[in-house]
Amino acid sequence: MLLISIEGIDGSGKTTVAKEIVRRLKEKGKNATYTKEPFTEDITGIIQRVGWNDPIALTLLFAADRRIHVRWMEEQNVDAIITDRYIHSTIAYQSVMGIDEKWIRNVNSKFPYPDLVILLDLDPTIASSRIKKGDIFDFPEKRKTLEKVRNKYLELAAMEHFLIVNADKPFEEVINSIMFYLLDQIT
Ligand SMILES: Nc1ncnc2c1ncn2[C@@H]1O[C@H](COP(=O)(O)OP(=O)(O)OP(=O)(O)O)[C@@H](O)[C@H]1O
Ligand SMILES: Cc1cn([C@H]2C[C@H](O)[C@@H](COP(=O)(O)O)O2)c(=O)[nH]c1=O
């Protein structure tokens, strides 16, 4: 089973892209499933109540949520799991909040590393204009950090060989470039 994570700042198009990848893989006869983080309703509710000012609590809450998510993923009998956010979301967002990257990696060290990370790279001003109204995680203090989060993602992408996709392109172009790469890897 392939574990593919879709990463990027808020509003970069992850959910739309992840769901379309699943649809196109299924069209090609592959058994694929969409999932997302945060995964559990309970921990999502706690994160909402904690807010965006306690990065230690956020790191641990996202990791607890991930443990439950990983157990669920291990039960899936599919060719590919496409997850809308995973470990690199914690590394990017919580390190920018001041948490030591080594500690974040330690806390997440028991979780499987993704086979492929796709980074949807987008300017935060454009991304912010795409964020849906009523997004439960749309904390103003987080919006201010998105430029730094983007740069952290780009740093990780260079170090860990992510597939970087320019998310400013029309959607068809974005998805076609991903599928071109993916189908070559999967078949
Ligand atoms: N390449 C694109 N060009 C223009 N609009 C796009 C593109 N990709 C996605 N969108 C639109 O941008 C909006 C945000 O997309 P989406 O919800 O998939 O982003 P996201 O990264 O999952 O956001 P969040 O992190 O806030 O959950 C949606 O209305 C979607 O249709
Ligand atoms: C998994 C994870 C998420 N976050 C942040 C990133 C986003 O701002 C929200 C999730 O909302 P979305 O609509 O799914 O984009 O939470 C984070 O800071 N750390 C994480 O590990």
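Counting only heavy atoms from C-beta outward, the side chains of Leu156 and Phe162 approach each other to under 4.5 Å.
Lys14 contributes a side-chain N or O that, together with a main-chain N or O of Ile9, makes up a donor-acceptor pair within less than 3.5 Å. A side-chain donor-acceptor contact under 3.5 Å links Ser129 to the backbone of Ile126. Distance alone, capped at 3.5 Å, places no donor-acceptor pair between the Asp79 side chain and the Ala32 backbone. Glu7 places a side-chain N or O within donor-acceptor distance of the main-chain N or O of Ser89, the cut-off being under 3.5 Å.
Using a cutoff of 4.0 Å between basic side-chain nitrogens and carboxylate oxygens, Glu155 and Lys152 are scored as salt-bridged. The pair Glu20-Arg23 meets the salt-bridge criterion, since a charged nitrogen lies less than 4.0 angstrom from a carboxylate oxygen.
None of Arg130, Arg85, Arg150 except one satisfies the salt bridge (charged side-chain N to carboxylate O under 4.0 Å, His left out) rule with Asp10; the exception is Arg85.
Using modelled atom types and a 3.5 Å distance limit, the side chains of His69 and Thr35 yield a donor-acceptor pair. Side-chain contact of Thr40 with Asp42: a donor-acceptor pair under 3.5 Å is absent, judged by distance alone.
Few gaps surround NZ on Lys142; more than 12 heavy atoms of other groups in view lie less than 6.0 Å from it. Within a 6.0 Å radius of CD in Glu141, other residues, nucleotides and ligands contribute more than 12 heavy atoms. Within 6.0 Å of atom CG in Leu60, more than 12 heavy atoms from other residues, nucleotides or ligands are found, so the atom counts as buried in its surroundings.
A parallel orientation is assigned to the rings of Trp52 and Phe139, their planes being inclined by less than 30° (bins at 30° and 60°).
Residues satisfying the side chain to side chain contact (heavy atoms under 4.5 Å, CB included) criterion with Asn106, sequence neighbours excluded, are absent altogether.
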